[in-house]
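Reckoned from all heavy atoms, side chains included, excluding hydrogens, waters and symmetry mates. Owing to the predicted nature of the structure, the values given are computational and were not obtained by experimental measurement.
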Amino acid sequence: MRTWLKEKRTIKGMTQQEVADKSGIKRAYYTAIENGTRRPSPEVAQGIAKTLKFKWVIFFN
């Protein structure tokens with residue numbers, strides 16, 4: 001599980017649906033990324049990072 005991602009989302013007071021909508025992806029895909037069962041493409045990582053305001057490369061470290 002990507003606890004850091006969930007923490008960033010909850011600090012912003014956003015639901016998974018809100019992050020997914022603002023990132024241009026489906027909620028199920030975002031949930032899988034947050035749970036660590038899927039890895040985002042660079043484009044999706046950039047969208048999520050822009051929404052939650054962090055550097056997108058953290059997904060690939």
Side-chain angles (χ1 to χ4, degrees):
M1 175 174 236
R2 291 185 174 101
T3 53
W4 61 267
L5 183 57
K6 183 176 181 179
E7 287 173 10
K8 289 186 181 298
R9 177 177 59 78
T10 55
I11 286 169
K12 296 283 184 188
M14 297 178 76
T15 65
Q16 289 182 339
Q17 186 67 59
E18 290 170 328
V19 174
D21 289 345
K22 291 185 179 200
S23 302
I25 60 175
K26 295 188 183 272
R27 187 203 48 80
Y29 183 27
Y30 177 79
T31 300
I33 292 168
E34 192 174 279
N35 288 337
T37 58
R38 296 214 35 203
R39 189 171 188 183
S41 67
E43 295 80 16
V44 170
Q46 290 171 11
I48 295 169
K50 183 177 179 184
T51 299
L52 295 176
K53 310 241 186 307
F54 64 89
K55 293 186 180 193
W56 67 274
V57 294
I58 194 170
F59 280 108
F60 306 103
N61 290 341

With a 3.5 Å cut-off and sequence neighbours excluded, list the donor-acceptor pairs that the side chains of residues 48-61 form with protein atoms.
| from | atom 1 | to | atom 2 | distance (Å) |
| --- | --- | --- | --- | --- |
| Thr51 | OG1 | Ser23 | OG | 3.2 |
| Thr51 | OG1 | Gly47 | O | 2.9 |

Solution key, residues 2-11 side-chain donor-acceptor pairs under 3.5 Å, sequence neighbours excluded:
| from | atom 1 | to | atom 2 | distance (Å) |
| --- | --- | --- | --- | --- |
| Arg2 | NH1 | Ile33 | O | 2.4 |
| Arg2 | NH1 | Arg38 | O | 3.0 |
| Arg9 | NE | Glu34 | OE1 | 2.8 |
| Arg9 | NH1 | Met14 | O | 3.1 |
| Arg9 | NH2 | Glu34 | OE2 | 3.0 |
| Thr10 | OG1 | Lys6 | O | 3.1 |
| Thr10 | OG1 | Glu7 | O | 3.1 |

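- Qualifying side-chain contact (heavy atoms from CB on, under 4.5 Å) partners for Gln17, counting only residues two or more places apart in sequence or in other chains: Thr15, Asp21, Arg27.
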